[in-house]
Structures are given as C-alpha cells and as structure tokens.
Amino acid sequence: MSGLPRRITKETQRLMAEPVPGIEAIPDESNARYFHVKVAGPAESPYQGGSFKLELFLPEEYPMSAPKVRFMTKIYHPNIDKLGRICLDILKDKWSPALQIRTVLLSIQALLSAPNPDDPLANDVAELWKENEAKAIETAKEWTRVYATGK
Amino acid sequence: MPLLNAEPEDTLEVSPNPKSLVQRLEIPANFQEIDTDAKKSSLGCSTVKYGELVILGYNGCLPSGNRGRRRSRFGLFKRETANGVKPDKQYEVSPQKGGQSPKKGKHTIAYTLSRHQTVVVEYSSDNNTDMFQIGRSTEPVIDFVVMDTVPGAKSQEECTVAESTISRFACRIICDRDPPHAARIYAAGFNSSNNIFLGEKACKWKTEFGMDGLTTNGVLIMRPRGGFQSDARPGVWREVSVGGNIYSLRETRSSQQKGKLIDDEDNILEDGTLIDLCGATLLWRSATGLLKTPTQKHLELLRQGINDSRPQCPIGFNTLVLPKHRHTSKIVDENSKQPYAYLKCGHVHGYHQWDSKSTQQKMERTCPMCREAGSYEPLIMGNEPSFYVDSGNPTHAYVPCGHVCSEKTVKYWSQVPLPHGTHAFQAACPFCAMPLCGDTGYIKLIFQEAID
C-alpha cells in the first residue's frame, strides 16, 4: 500500500480490525482504493435477509471529495436507480472530509431502513412507494429474494 | 524559581563569553532577570522581589527579544540603596518676582498655574522606599521602557507605531523597602533633571494638602475584584493622579476636566492590578501573587499533557502537537503537526484545504466535523505564566487569535474591559492584545484523540 495516504491506510486497517456489524468492506488486491462491499439488508426492512454487493472507490482527492459508491446488486429502492447509483446527500454536496468509509456505509445501511420517496432517484419506484406503499414493499422483498440471497 | 524565566529568548542572550556575563551582572539591580538574580544572590546581594510588571500583548517575550530595559516583563527588586522620594516642601515661583528656585538635583514637581505663577513641590530622599520609573523614554531615569503595543504584531517591524500615545515619563512606582512592601503608583515620572512639569494646559488643582494634577493621557488602574485568582472578576477603572490620589475616569481620556475624587480608594497596587498607560497596559503581579501562579515549567508540563494524549487530525489522521511558539512561516503542509481550530465550534484539525476556496472572499470556513462556519486559526500555547489566574489545563483558546490557556484564564480576560482609544473599552487576548470577538471571546477546544 505504498504511496497511499496515511488516512486511507488507517481507515482500511480499522475497517478490517473492527468491522461494522452487517457491513463488509474489503480492499481489492490490486487497487487499495477500490473496495468490495457487502451490506446486509437491515432487520425490519424489505431488504432483510438480503446481502447487497456494492463497489466503493476512493478518488484521488479523497477525503477532500466523497467516495464513489454504487450498488452492484439489483435493488428496489426509491433512492437507488437501476444502475445502482445512490441518492444520498453526504455522497454529494453534503460530503465532509470528517466522514469516513465507515460512516458512508452506515448511512447507506440506514437508507435501506428508511427509504425517502420524496427525494427520489428512481422515479417509478418512488411513485409506487407513495401511491401504494404495501405493494412497493412487497416488490422490494421480492427483488431482495430474487437478486440478493445469493441464488 | 529560575524556571519562571527559563525562556529560550533569554538563553539566547546569554553569551558564553565571560566578559559579557560580567557586564550582565553589572546591570543595576532592578534590571535583573530572575535567572541572573540567582547568580546575584550567590554574590551576597539582596533578592527581595516586590513584584513584576508584565505588558499585555506579549507571549513571554517582545518580538525583538527581551533585552535590558526593553522587555515584555520587568521584575521590581529591592535596591541596594533606597532611591525613593517623598514630598518635602512647597513654594511658589514667578519669573517676575524671582523668589526661591528649586535646588539642583532635587526631585521637583512644578505646577504651572499661569505664566506668572508656578507652584513647585520639592521632594526629598526617602530611605524607606525604592522608586521605579516607567515610560517610553530610553533615558537612564526610566527603569522599564514601554512602547505602544500593536495587537497581533509578530515581528519587530510590525511593532512600530507612527505616533505614540505613551508618555516618555509615564508613571512611577514607589515600593516600601520593609514588608509587606506596599507598592504605590503615581502618574508621571521624573525626567533626567529630576523634574515633572505640569504645564499651563495640564489638568491640575489645589488640594487641602497642596497641589495635584493629571498627566495628558493619564494613568488608569483597575483592580480585580476578589484578587487575581480563578474566580476573579474585573473591577472598575480609575485614574491615579500625580500625587497618587484616585479619581473616577475623565469624560474622555485627555479631557481637561478631572473625574470625581474617590476618597476610599488608594494607589497601592494589588496582585492583578492593571495599569494603563494609553498605548500599553501593564499587569502588576505581587511577589506573593506570583507564588500561586504556574511557572513556565508548569505550563510546559500542561502543554505536554495535551500532546501526550496524541490528539489527531480527524481528516488526515495525523498526530498533532500543540507548539510552544508560533511558526515563523504559514503552515501549508498537510502533514504538519501544527493544530488548527475552527474558532466557532472549537474542533481541532491539522492544516487542510477543505472549503478553503471560499476563504479568498470571506474569513470563515466550514468545519468538516459540524459544518459550523468559523475562522480557522493555528493554535499556540499561551506561555506567559503571569497572565494565568489558575493552573488549569490548556483546554480553551481565545478568539480570534488561537492562543491556548486554561478555562478560568480565558474567562477572566474575556471579561476585562481594556482601555482602547480615547474613551472606549474592549476585551483582548493577554498574549497578543488582539481584541476578542465572537459570542464570548473564547472557545472550548475539542481535540480528537487517536482512534488507533
């Protein structure tokens, strides 16, 4: 990991030593700025039981600019589009260098527990979520079963 | 005791050349430093210390260094022979009538009432007191040369003012040679001819005991309520007259009209008394008060205590070290150990560029920890022990300068109104004289301890 800023080295060491419950983040063998992430669907959410793969990349300017994070696993969520892009303020204008990989992943985990259809990225999902929440949740559960249970 | 003055600036002055050491010891007693004082006692001289005067706005040393009579702090020691004076007789002189003229060499104060009438008060030697004179003049009669303080000045060049408001012979302090060594302050000092002249335009008047007057810009004093300690509160500013009487402040600093006589107050300096010379403010620390004040060594341990907790920059994750002195150049290296703080919220960071683009226009930056916008300043330890009201941990910083000291100390000085201009007051950082700003003038620092 030579040439890597101390900050990234230390964050990585701590992520490995004290992983966040329900979150796994492993740096790529050939690129220490690229992390293979798995987030467990939070309990009491439509995503419970699922394991969602994400990719997280620390750009050159990190931590002065936010990590790039994307869902690899298909997910039915009003704030995540079909390309896996995430609508989360701290990944955009609300980024602060005091935030870390750890806090970003915790925020994504929290987003799964609390979808926000009023600030949608996937408009069709958000509309269904507002019009017929029960049906939307059922769809999310179905997608979780189909795409996120390792089958 | 020598530790009190164990400042690197002083050690720089000490040359290994034995000749210069001899010269140092030949300096009159009152110019001695405490460190040289130790050498003095081995020579069998007196080491009774009356107290110390410290100029507000310097962090242990003038930007040009502490040398001779030009220094940030001045110890008043018992002289080998008394040089105090006391009023002796009073007589009138008029140029027309001739009459008695002052004896040569005698200390006199001349009150010019009109072109035709001058009242002279002649002073005689007082074997029971020592006199110390303070002013802007560098003539030998001035023991402690005080120049105007320039807030925030970091170099000698920045310290110069176009026009000084400090009198060349600003004030004198007379100390009793016998315990408890009361120190009394008087406006005006004697010049090289041992005279004080109060001209036609000066504010002066007859009293039931003789004459009295005020100097042009006056000498103001303020005694802290409850003594100079952790619960100290500022007192009321008063003006001291040439005769040592206490008056309420004039309407403006150099008004012709004197304030009201305050009968029940005297001109004895108490530990923590502030003396304002209009351009510089001095803090009087009595010998007994200094015993309760942290030493330089103590402050150094407190500073190390902060650093031993290995505070970390929450962004770069690098370890920070609170420095004793200001770095000469601006820190622009992100790996620097210099701590910076956002002075609105108190979060301590290393140097970084976050949200720095917008600072070209505005002075404030957004704290990455809490998003509060505030000024972002390097932290520097407050090194002058005499300004400390207790020995608490250096957990707080002044706003806007970033000088770090104990909570009680920031709180005390943030409440002290210091004369500013002709009739205004403002609180200032005692270590650099910068006027305080923000809600309180200080902030509690939030250090992030190492996470690994």
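Each chain gets a letter, A, B and so on, in the order its sequence line appears, and its residues count up from 1.
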| said: Would you say that B/F317 contacts A/Q100 through its side chain, given a criterion of any heavy-atom pair below 4.5 Å between the two side chains? | reply: yes

| Near B/R310 CZ, under 6.0 Å, is it more than 12 heavy atoms from other residues, nucleotides or ligands? | no

| message | Within the supplied structure, the quantity of interest is the number of heavy atoms (other residues, nucleotides, ligands) at a distance under 6.0 Å from B/D439 CG; does it exceed 12? | response | no

| message | To the closest 0.5 Å, what do you measure between CH2 (B/W354) and CD (A/E61)? | response | 12.0 Å

| field | More than 12 heavy atoms from other groups under 6.0 Å of NE2 on A/H36 | value | yes

| task | Give, as side chain, backbone, both or neither, the part of A/P97 having an atom under 4.5 angstrom from any heavy atom of chain B. | result | both

| Atom CZ of A/R102: over 12 foreign heavy atoms under 6.0 Å | yes

| Exceeds 12 heavy-atom contacts within 6.0 angstrom, atom NZ of A/K130 | yes

| request: Would you mind reporting whether A/R7 and B/N318 have side-chain heavy atoms less than 4.5 Å apart? | output: no

| Is there side-chain contact between A/S96 and B/M369, with at least one heavy-atom pair below 4.5 Å? | no

| Spacing of CZ belonging to A/R6 relative to OG1 belonging to B/T319, to within rounding of 0.5 Å | 7.0 Å

